[in-house]
2 protein chains.
Amino acid sequence: MKRDSRLSGVLHVLLHMAERNEPVTSDVLARAMDTNPVVIRRIMSGLRDQGYVRSEKGHGGGWSLARDLAAITLRDVYQALGQPSLFAVGNRTEAPGCLVEQAVNATLDRAFDEAEALLLSRLEDVTLARLSADFQRRLGDRRNRHRLETAHGS
Amino acid sequence: MKRDSRLSGVLHVLLHMAERNEPVTSDVLARAMDTNPVVIRRIMSGLRDQGYVRSEKGHGGGWSLARDLAAITLRDVYQALGQPSLFAVGNRTEAPGCLVEQAVNATLDRAFDEAEALLLSRLEDVTLARLSADFQRRLGDRRNRHRLETAHGS
DNA sequence: TTTCATGTAACTATCGATATTACATGAAGG
DNA sequence: CCTTCATGTAATATCGATAGTTACATGAAA
């Protein structure tokens, strides 16, 4: 089953937006996410409605962050996307008449509910600021590796 | 995103098979799961290969359980289905060159891995025997409710 | 040797999600 | 103003994954 990559993609573009100080157009973001500008607008509209980003029309327009990175958790972003269903596996029918199926559903539902609660709490623990810091650390690591390799090479 | 209901469906038919003492044909199972006999055979083939069920050809043939209900966990069934991916949400790309995306993926992967581990351990805790007992309890409940209602009505 | 059932390959249909097109709205530049 | 650039959004097209179907082979029982 194909996975919904909007969460991953949106986090990606949000962090890229944070690196810039000016609005970024849907066109630029679309290229970064390898998709269509209209798709970007559709996805970002939820974030705008929740007040996480701003959009401006006309010259110099585009998307920009409306809040501090530390004030946005991954769970916020997930919710702003409309809380797409997290699981690729589910019950055949809701509210079946068959008692066998009711028993099956009850057990599966409990297991999935627990997993969902854990997942959401993990997403809540992480802010965009932390993701950004993680990115900066990786950037430093790469630079160090590069310096060492260059020193070896010379 | 549409959910894969094979796990739910297979558990359903396995419990129905347990209620009978004779082989059940793919045709009958297909009607119970509201699908096609060929689909049943496809799905059950994994369970057969793992030794959980048997299939016989010819007159009086069909599917029957090869093990005790207490010896089959929901995780066993999940694995026999080929461990379909549990989550409907995932990373846009694996092994991206972009460091921003690497940071995003690393964080999401950790959260999803934890949730998956929890979910699998819950599935491992439940045997088909326990599901069957749950079903029997529901059957008793329904009978009791029905008796009470009948008494009220007369 | 006929009937019934599974095994499996190949093909088709369906359906949801993404991509695209088209046009409206509105802001900034000249 | 009016042209350009950008978003907003509805309508439509395209694509891919999965279930469903058809067809035929295998093999067991009557």
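FYI, side chains are in, hydrogens and waters are out, and symmetry mates aren't considered; it's all heavy atoms of this structure. Note that the structure is predicted; figures quoted are calculated from it, not measured. Per chain, numbering begins at 1; letters A, B, ... match sequence-line order.
Looking at A:R6, its side chain has no donor and acceptor atom pair within 3.5 Å of the base of C:dA17.
If A:K57 and A:D4 are placed on DNA chain C by their nearest nucleotide, the residue sitting closer to the 5' end is A:D4. Of the two residues contacting DNA chain D, namely A:G58 and A:M1, the nearest-nucleotide position lying further toward the 5' end is that of A:G58. Between A:E56 and A:R42, it is A:E56 whose nearest contact on DNA chain D lies nearer the 5' terminus.
If you check every strand for non-hydrogen atoms under 4.0 Å, B:R48 touches sugar and phosphate atoms only. Using a 4.0 Å heavy-atom criterion, one finds that A:R3 contacts no nucleic acid atom at all. Within 4.0 Å (heavy atoms only), A:G62 reaches sugar-phosphate atoms of the nucleic acid but no base atom. Across all strands, A:S45 comes closer than 4.0 Å to no nucleic acid atom at all (heavy-atom distances).
Computed from coordinates, the B:L29 CG to C:dG7 P distance equals 12 Å when rounded to whole Å. If you take CH2 of B:W63 and C1' of C:dC4, they are 15 Å apart, rounded to a whole angstrom. Counting to the nearest Å, the P atom of D:dT7 and the CG atom of A:D49 are 16 Å from each other. Atom pair B:D27:CG and C:dG7:P shows a separation of 13 Å (rounding to whole Å applied). Taking atom NZ of A:K2 as the reference point, atom C1' of D:dT14 lies 12 Å away to the nearest angstrom. Rounded to whole Å, the distance from CZ on A:R54 to P on C:dG26 is 20 Å. Counting to the nearest Å, the C1' atom of C:dT18 and the CG atom of A:L81 are 15 Å from each other. Atom-to-atom, CD1 of A:I40 to P of C:dT18 comes out at 12 Å; the value is rounded to the nearest Å.
In summary, of the residues considered (A:L14, A:L15, A:L47), a side-chain contact (heavy atoms from CB on, under 4.5 Å) with A:L65 occurs for A:L14 alone.
Panel note: side chain B:T35, backbone B:R31; no donor-acceptor pair is recorded below 3.5 Å. In this structure, A:T73 contributes its side chain and A:D76 its backbone to a donor-acceptor pair below 3.5 Å.
Counting only heavy atoms from C-beta on, A:V38 has its side chain closest to C:dA22 among C:dA22, C:dA19, D:dT21.
For the pair B:S55 and C:dT6, the criterion of a side-chain N or O lying under 4.0 Å from OP1 or OP2 is not met. In this structure, B:T35 reaches the D:dG20 phosphate: one of its side-chain N or O atoms is under 4.0 Å from OP1 or OP2. For D:dT21, one of the phosphate oxygens OP1 or OP2 lies less than 4.0 angstrom from a side-chain nitrogen or oxygen of B:N36. Between A:R41 and the phosphate of D:dT7, there is a side-chain N or O to OP1/OP2 separation shorter than 4.0 Å.
The shortest side-chain heavy-atom distance between A:D34 and B:R92 falls under the 4.5 Å cut-off. Residues A:R42 and A:R6 fail the side-chain proximity criterion, which asks for heavy atoms closer than 4.5 Å.
Using modelled atom types, one finds a donor on one side chain and an acceptor on the other under 3.5 Å when comparing A:W63 with A:S26.
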